[in-house]
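Okay, so here's the structure we're looking at.
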There are 2 protein chains.
Amino acid sequence: MDNPKYRKRANLRDVAKLANVSVATVSRVLNSPDSVAEKTKAVVNAAITELRFVPSAAARAINSGRSRVVGALVPTLDHAIFARYLAALEQKLSEYRLSLVVATTNGDASVEALKAQTLVDIGAEGLIVSGITHEPELFELIERCQLPAVATSYFDPDFLLPTIGYDNAGAGRIALEYLLSLGHSAIAVVHGSLTSNDRTLARLEGLEGHDTARMSFFEADLSIEDGCEAANKILSLEDRPTAILCLSDVLATGVLYELKRQEVAVPDDISVIGIDDLPGSAHTFPALTTVHLPVVRMGHATATAISEWIENGKRPSERLFETDLVIRESTRARTGI
Amino acid sequence: MDNPKYRKRANLRDVAKLANVSVATVSRVLNSPDSVAEKTKAVVNAAITELRFVPSAAARAINSGRSRVVGALVPTLDHAIFARYLAALEQKLSEYRLSLVVATTNGDASVEALKAQTLVDIGAEGLIVSGITHEPELFELIERCQLPAVATSYFDPDFLLPTIGYDNAGAGRIALEYLLSLGHSAIAVVHGSLTSNDRTLARLEGLEGHDTARMSFFEADLSIEDGCEAANKILSLEDRPTAILCLSDVLATGVLYELKRQEVAVPDDISVIGIDDLPGSAHTFPALTTVHLPVVRMGHATATAISEWIENGKRPSERLFETDLVIRESTRARTGI
DNA sequence: ACAAGCTATGTAACTAGTTACATATGGCGG
DNA sequence: CCGCCATATGTAACTAGTTACATAGCTTGT
């Protein structure tokens with residue numbers, strides 16, 4: 001049992017003992033090797049190798065007060081818009097030598113609060129959340145821990161946390177106004193779930209103010225299948241709309257698919273517009289007109305903001321990214337009266 | 001300066017002092033509250049609240065020897081197959097109360113080795129890598145830290161690390177044999193980059209053993225655009241193939257798009273088959289025949305395996321998941337001779 | 001009434017590093 | 001040849017928790 005092979009992991013003291021130096025010297029070999037004599041360094045490194053010494057991350061963290069980890073809470077990873085956002089976020093964070101812990105919430109605010117606690121428990125130095133609708137527990141946690149936290153995918157200068165995002169209402173409005181400018185007035189709107197999805201809610205709000213008398217609304221889960229289903233319902237409407245506004249490209253993809261399946265011509269018979277501008281959206285049939293959400297730039301900006309906050313204590317100011325209309329083949333001016 | 005408001009974060013000792021109890025009691029209130037008298041608990045909790053005390057994750061980790069973090073190294077997040085895999089992984093890991101740190105490598109083995117070191121530096125207790133091609137540094141790191149590590153998206157019972165994945169060569173073979181069974185022999189193969197992508201390599205290997213005289217190969221980046229481009233090249237071939245085998249659905253999506261754009265009938269003129277079975281693949285035109293990769297089950301199994309390894313020291317055995325052919329609309333028996 | 005036993009709490013030694021400060025050694029200038 | 005200074009190293013006190021063990025105080029049984 002005393003066989004060193006079976007002993008637990010070696011620590012600094014073990015290395016120091018074997019190398020016949022003090023713990024300080026070993027620590028120096030690790031952190032400021034230039035201040036150690038070559039000969040000593042060699043002896044210490046030999047001991048390190050022999051004992052297979054690996055410094056404990058926790059012990060280092062306790063001294064530096066740093067974990068170099070930030071947590072992101074997103075509804076899901078299994079959706080291109082979040083995956084792309086997190087990809088950009090991770091890439092930039094790693095430039096700041098920060099690691100990204102991803103926690104998914106399924107859009108459930110209480111799961112979010114729970115997972116936020118988990119992130120604090122592992123020592124996350126910063127938090128990134130999606131949207132502005134959260135449980136009070138989340139805010140209490142952030143306040144109690146004095147945790148740098150930003151809300152993304154949403155813009156609201158008055159929000160408790162700095163928001164780094166785009167104008168969801170504006171994106172909805174841009175899509176609607178484009179359809180209106182093409183002469184459409186009978187418009188079906190297909191949107192995602194309204195429970196705890198403030199982005200969808202905001203996009204819907206963006207549609208207000210215009211004459212909604214000729215608009216009908218269809219709720220669907222964010223999947224191609226549910227987009228198909230929504231299209232199906234729309235097609236069976238007595239008063240068939242001339243345009244379909246989807247608040248998410250995934251839904252638009254399903255809608256386009258179903259319209260094609262039922263041989264409804266897009267954009268001749270019905271125009272379709274989305275919001276997101278996913279990688280695949282340029283390659284649907286017909287290519288989808290949509291509102292581009294700049295998630296990559298948002299990811300980079302979020303990484304920079306949270307990093308500066310953590311390193312320099314500089315709370316970032318909110319940041320608004322423009323969304324822009326990408327006109328492709330799925331929309332056209334309404335013909336006839 | 002002595003104003004407590006400006007003092008640094010409170011620690012256990014501060015709480016103990018304020019509550020007039022010992023540090024042990026405060027620790028007990030936190031970890032085994034039942035063993036503390038109600039009255040004491042109340043006093044301690046009041047002190048905790050007053051001082052806004054939040055226990056240090058690092059200090060806990062140093063004692064428990066646990067960080068409850070595992071790291072995953074993937075080529076990219078911005079691809080549905082990895083995003084879906086990580087989604088499944090994260091979901092299951094969180095059931096085991098483990099958090100997931102994601103690091104992307106861009107398919108670069110030296111970036112991977114570097115980021116693996118970062119993961120160790122933040123105290124990751126386990127590592128999940130993609131495929132079996134890695135820098136020696138990565139293996140040394142794993143060996144030196146005695147780190148539980150599994151390789152996924154690949155199956156090889158003889159590999160140094162336990163592999164939890166599917167048979168890439170088999171997936172390629174299944175796709176090819178299906179095309180052959182339909183009477184196709186002039187087949188164009190569109191594949192991703194061969195540099196440091198052993199999955200692609202293995203899929204290609206799966207095509208060997210059959211008569212490759214009538215097969216032509218096209219390398220493309222894993223994007224719809226590059227799939228389009230590849231299709232373009234294939235269509236300009238003198239001896240146009242009757243089937244296109246794409247080693248990834250993303251490429252197949254691009255190929256289908258370009259074929260449609262150029263008004264080549266699928267599957268009448270050309271059959272197209274993919275590998276992956278992405279969410280969107282059932283909704284292309286025509287719906288894509290493909291080989292389903294069970295990434296969700298693989299994610300769950302990986303989470304369970306790494307968790308057991310970490311908790312109980314039980315090195316998992318390798319695990320093979322079946323891939324299966326999903327026949328949809330993009331393939332058909334070759335007509336004429 | 002007193003010992004036994006249980007509950008609640010405290011003391012101090014751990015976990016594994018970093019680092020301020022003290023000290024030893026050696027080279028070089030005066 | 002001595003003192004000064006720089007370089008290299010050591011000592012011990014930190015970081016912030018957990019926990020084994022000791023003990024105080026109260027209840028209960030005989």
Side-chain angles (χ1 to χ4, degrees), chain A residues 7-48 51-69 120-125 144-146, chain B residues 7-48 51-69 120-125 144-146:
Chain A
R7 256 192 17 218
K8 65 165 174 24
R9 259 176 65 172
N11 62 25
L12 248 203
R13 260 107 190 152
D14 299 328
V15 175
K17 208 169 292 173
L18 181 62
N20 248 306
V21 296
S22 71
V23 289
T25 301
V26 180
S27 182
R28 283 187 200 105
V29 170
L30 261 31
N31 301 306
S32 50
D34 290 346
S35 71
V36 180
E38 285 304 323
K39 237 179 70 181
T40 320
K41 220 184 308 188
V43 176
V44 171
N45 278 323
I48 286 175
L51 296 176
R52 301 159 160 276
F53 168 69
V54 180
S56 144
R60 293 196 139 164
I62 210 180
N63 281 293
S64 64
R66 301 284 315 260
S67 66
R68 306 208 74 87
V69 159
V120 167
D121 289 343
I122 64 166
E125 294 187 68
R144 186 153 31 87
C145 304
Q146 300 279 310
Chain B
R7 256 194 13 219
K8 64 168 176 23
R9 260 176 63 173
N11 63 24
L12 248 204
R13 262 106 188 153
D14 299 328
V15 175
K17 208 169 288 172
L18 181 62
N20 247 306
V21 296
S22 70
V23 288
T25 301
V26 179
S27 183
R28 283 186 201 107
V29 170
L30 261 30
N31 301 305
S32 50
D34 290 347
S35 72
V36 180
E38 285 305 323
K39 238 178 70 182
T40 319
K41 219 184 309 186
V43 176
V44 171
N45 279 323
I48 285 174
L51 295 176
R52 301 157 161 278
F53 168 70
V54 181
S56 145
R60 293 196 139 164
I62 212 181
N63 282 292
S64 65
R66 300 286 315 260
S67 65
R68 307 210 73 88
V69 159
V120 167
D121 287 344
I122 64 166
E125 293 186 69
R144 185 154 30 87
C145 303
Q146 298 282 306

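Reminder, nothing fancy here: chain letters follow the sequence lines and each chain counts from 1.
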Which comes earlier along DNA chain D counting from the 5' end, the contact point of A/Ala59 or that of A/Lys41, where each point is its nearest nucleotide? A/Lys41
If each of A/Asn20 and B/Ala24 is mapped to the nucleotide of DNA chain D with the nearest heavy atom, which maps nearer the 5' terminus, i.e. the 5' end? A/Asn20
Need one value for [X]: base, sugar-phosphate or nothing, where a base atom within 4.0 Å counts as base even if backbone is also close, heavy atoms only.
X: B/Val54; result: sugar-phosphate
X: B/Ser27; result: base
X: A/Val23; result: base

With a cut-off of less than 4.0 Å, is there a side-chain N or O of [X] near OP1 or OP2 of [N]?
X: B/Ser22; N: C/dG10; answer: yes
X: A/Arg60; N: C/dT18; answer: yes
X: A/Arg28; N: D/dT9; answer: no
X: A/Thr25; N: D/dG10; answer: yes
X: A/Asn11; N: C/dA16; answer: yes

Check the surroundings of atom NZ in A/Lys17: do more than 12 heavy atoms from other residues, nucleotides or ligands lie under 6.0 Å from it? no
Expressed in angstrom and rounded to an integer, what is the separation of B/Asn31 atom CG from D/dT19 atom P? 7 Å
Choose from D/dT9, D/dG17, C/dT9 the nucleotide whose nearest atom is closest to any side-chain atom of B/Phe53. D/dG17
Between atom CG of A/Leu18 and atom CZ of A/Phe53, what is the distance when rounded to the nearest 0.5 Å? 12.5 Å
A/Val43 side chain reached by A/Val21 side chain, heavy atoms, under 4.5 Å: no
